[in-house]
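Whatever order the structure lists them in is the order used to number ligands and atoms, beginning at 1. Everything numeric in this text was worked out from a predicted model, so none of it was measured.
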Amino acid sequence: MELYNRLNLFLKQKLGKRTLKICVDGGFTCPNRDGSKSINGCIFCSNRGSGEKILKQSIKDQVRAYLNSYKAKRANQYILYFQNYSSSYAPINILKERYDEGLNASDKIVALDIATRCDCINEEFASLLNEYQKKYYVYVELGLQTSNFKTHEILNTKYSKDEFLNAINILNKHHIDVVIHLMVGLPNETIEDIKNTINFINNINYQGLKIHSTYVIKNTFLDKLYNDGKYQLLDYEYYLNAVIYILTHIKKDVVIHRLNGDPLLEDLVGPEWCMHKKRVIIDIEKRLKENNLYQGIYYGKD
Ligand code: SF4
């Protein structure tokens, strides 16, 4: 039995063969950055908009640069991933223009992945994605981070539970897959918050999950909290236990897109273990195996 529902296996089944992601910056901003809701952004967000590894180029050139890189040689088909800031935050004609630019850059692109915020989802956007669904596998990544909206006040995310649920409803209605992002190690949160968050998402129709370790990036508000002694770096043991709890309590068919964060070393304040992505995954899998655990074993049980 598989320990958890791995993204690479899911993609192989869904899309027929190994599929890699092309991460692009669509040149979007975010309502939590441009003053619509706030100018400060979420307290953990770097001014690169949560996508840490992208160069400034046209969308088409970003796709071509990736396809010409040695990394691209590991597969022959790709997902176009709009990663930075809120990639559905623009008038619908601009969205279509930018998505088309990326999708038309290569006939090897078979899927479209859009990372955005719940308050940037509306019927018009979902209808546009529905059109793309005729040719591509399309999914949307939405940050939830936690279901505790008191924590959201500290995080300065500036979206509400109702806005999140409304976005899920719209995407569900248009049969667009949803990948939810959760964060472990948020300020003031305990394992009880993780449990409540899992109860919350277990009552939602979503298809994928990204689990992030909270890490401190230089010059963010979280960095200030840390320097002022108001935030402690996430403990590795706590993280492993929290991830095990999450995996064992979610539905078996949820696809696991990520098991930890992925910071750039030069931006990272800590914790340092976040840099060792493979080790984190190995330790999670080892712990699952040693305890005869697997995804969904306790789903609906406590
Ligand atoms: S919603 Fe995303 S891009 Fe916007 S401030 Fe928060 S983390 Fe950054």
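Between E163 and K158 there is no salt bridge, since no side-chain nitrogen of the basic residue lies less than 4.0 Å from a carboxylate oxygen of the acidic one.
Of the possible polar contacts, none joining the Q77 side chain to the T19 backbone as a donor-acceptor pair under 3.5 Å is found. At least one donor-acceptor pair closer than 3.5 Å links the side chain of N202 to the backbone N or O of H249.
Near C42, with a cut-off below 4.0 Å to any heavy atom, the atoms of ligand 1 are 1 (S), 5 (S), 6 (Fe), 7 (S). Within the listing of ligand 1, atoms 1 (S) sit less than 4.0 angstrom from a heavy atom of R117. Listed by atom number, the atoms of ligand 1 under 4.0 Å from G41 heavy atoms are 5 (S).
In summary, no N, O or S atom of C30 is located under 2.8 Å from atom 8 (Fe) of ligand 1.
Heavy-atom minimum distance, T146 versus H152: O-NE2, 2.8 Å.
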